[in-house]
Amino acid sequence: MDASDISDDLDQVLLTEDQLHQRLDELAATIDADYAGRELLLVGVLKGAVMVMADLARRLHVPVQMDWMAVSSYGSGTKSSGVVRILKDLDTDVTGQHVLIVEDIVDSGLTLSWLLANLRSRGPASVEVATLLRKPESAKVSLDVRYVGFDIPPAFVVGYGLDHDQRYRNLPFVATLAPHVYADD
Ligand code: IMP
């Protein structure tokens, strides 16, 4: 999928494919240096983190395992409440492992805050977070996110794994939507 497939639905491209890939190169180099000599367990949060997980993992040179969690946050519409239910848990025992949570976006931070507490309670050697995007102005909790791709304004964005109503995940870039797309939300 590219911009010409849905040009009427797009407002503005916020981050191009080149910008995303360049930043992932940088993040991967930093993560490689930080975890030199150790093995990492990458925990991707479904479904939004699929693209960033695939592209980040392929850039890493340290040995990695990859596992996935799916969580749903109770809330109204697109707003997270911080009350989270596990839809799919890890297959891996994280005890003693160096865990890196891989996220598409940190908005209010409530989902991630719950996830951090949940994984920390399982006795890992360490837990850190890598997120492609973060909306600092939307933060409701202060979180220590070690690896951040881009800080963006609090607009709703799609593409590169991020959806609106399950669509647009397969755009190779990150964009804001035209108002008519979410007018009925
Ligand atoms: P939080 O608990 O408010 O940080 O919500 C995080 C989750 O909300 C993300 O993992 C996304 O699934 C979703 N989300 C937040 N902002 C956006 C956005 O701009 N576009 C698409 N999904 C979003």
Side-chain angles (χ1 to χ4, degrees), residues 1 3 5-6 9-17 19-20 23-24 27 42-57 66-90 99-120 127-185:
M1 179 185 246
D5 296 319
I6 52 154
D9 292 359
L10 289 183
D11 181 21
Q12 190 192 351
V13 174
L14 214 59
L15 296 161
T16 65
E17 190 171 2
Q19 285 175 307
L20 295 174
R23 186 70 185 120
L24 286 173
L27 286 181
L42 301 178
V43 172
V45 184
L46 293 169
K47 304 169 188 164
V50 166
M51 305 295 181
V52 58
M53 178 80 149
D55 284 344
L56 180 66
M66 293 160 72
D67 203 347
W68 300 90
M69 277 183 88
V71 296
S72 99
S73 172
Y74 292 104
S76 58
T78 55
K79 293 274 176 288
S80 161
S81 67
V83 182
V84 175
R85 185 165 57 112
I86 296 179
L87 302 176
K88 186 226 167 286
D89 206 343
L90 297 173
V99 174
L100 182 61
I101 299 173
V102 179
E103 272 278 20
D104 49 354
I105 191 163
V106 179
D107 186 17
S108 70
L110 292 171
T111 307
L112 182 59
S113 165
W114 182 93
L115 200 57
L116 275 166
N118 181 284
L119 291 180
R120 282 188 178 129
V127 185
E128 298 293 346
V129 180
T131 185
L132 181 71
L133 306 174
R134 179 174 63 178
K135 296 180 188 170
E137 291 166 54
S138 305
K140 289 204 176 127
V141 276
S142 132
L143 288 174
D144 184 18
V145 179
R146 180 169 290 185
Y147 308 101
V148 179
F150 300 91
D151 279 328
I152 61 169
F156 195 81
V157 292
V158 296
Y160 200 70
L162 291 152
D163 73 305
H164 175 263
D165 219 1
Q166 299 304 326
R167 296 175 66 213
Y168 311 107
R169 291 191 198 275
N170 57 332
L171 282 171
F173 50 80
V174 172
T176 50
L177 284 176
H180 76 85
V181 178
Y182 52 84
D184 298 333
D185 282 7

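Predicted model only: the values in this text are computed from it and were never measured. Order of appearance sets the numbers: ligands from 1, and atoms from 1 within every ligand.
A heavy-atom separation below 4.0 Å is found between Asp163 and ligand 1. Using a non-hydrogen distance threshold of 4.0 Å, Leu112 does not register as a contact of ligand 1. Using a 4.0 angstrom heavy-atom cutoff, Leu110 counts as in contact with ligand 1. Put simply, part of Gly109 is less than 4.0 Å from ligand 1, judged by heavy atoms.
Short contacts between ligand 1 and Asp107, defined as distances under 4.0 Å to a heavy atom of the residue, involve ligand atoms 1 (P), 3 (O), 4 (O), 5 (O), 15 (C), 16 (N). If you number the atoms of ligand 1 from 1 as listed, the ones under 4.0 Å from a heavy atom of Glu103 come out as 10 (O). Residue Thr111 has at least one heavy-atom neighbour below 4.0 Å for each of these atoms of ligand 1: 1 (P), 2 (O), 5 (O). Atoms of ligand 1 lying under 4.0 Å from any heavy atom of Ser108, numbered from 1 in the order shown and given with element: 1 (P), 2 (O), 3 (O), 4 (O). Each of the following atoms of ligand 1 lies closer than 4.0 Å to a heavy atom of Asp104: 10 (O).
Of all the heavy atoms of Lys135, the ones lying under 4.0 Å from any atom of ligand 1 belong exclusively to the side chain. Residue contacts with ligand 1 for Val158 are absent, since no atom lies close enough (heavy atoms, distance under 4.0 Å). Contacts with ligand 1 closer than 4.0 Å are made by heavy atoms of both the backbone and the side chain of Val157. Of the heavy atoms in His164, none comes closer than 4.0 Å to ligand 1.
Of the inter-residue distances, the one linking Asp104 atom CG with Lys47 atom NZ reads 12.0 Å to the nearest 0.5 angstrom. A distance of 12.0 Å separates CG of Leu112 from CD1 of Ile105, quoted to the nearest 0.5 Å. Rounded to the nearest 0.5 angstrom, Ile152 CD1 and Leu14 CG are separated by 6.0 Å. Leu56 CG to Leu27 CG: the interatomic distance, rounded to the nearest 0.5 Å, is 7.0 Å.
Annotation: side chain of Leu177 is not in contact with side chain of Asp11 (no heavy-atom distance under 4.5 Å). Looking at heavy atoms from C-beta onward, Ile86 lies in side-chain contact with Asn118 at the 4.5 angstrom threshold. Considering only heavy atoms from C-beta on, Arg167 stays 4.5 Å or farther from Val181 through its side chain.
Other residues, nucleotides and ligands place more than 12 heavy atoms under 6.0 Å from the NZ atom of Lys135.
Checking each of Leu132, Leu171, Leu133 against Tyr160 for a side chain to side chain contact (heavy atoms under 4.5 Å, CB included) leaves exactly one that passes, namely Leu132.
Of the listed residues (Ile105, Val45, Thr131), the one carrying the non-hydrogen atom nearest atom 9 (C) of ligand 1 is Ile105.
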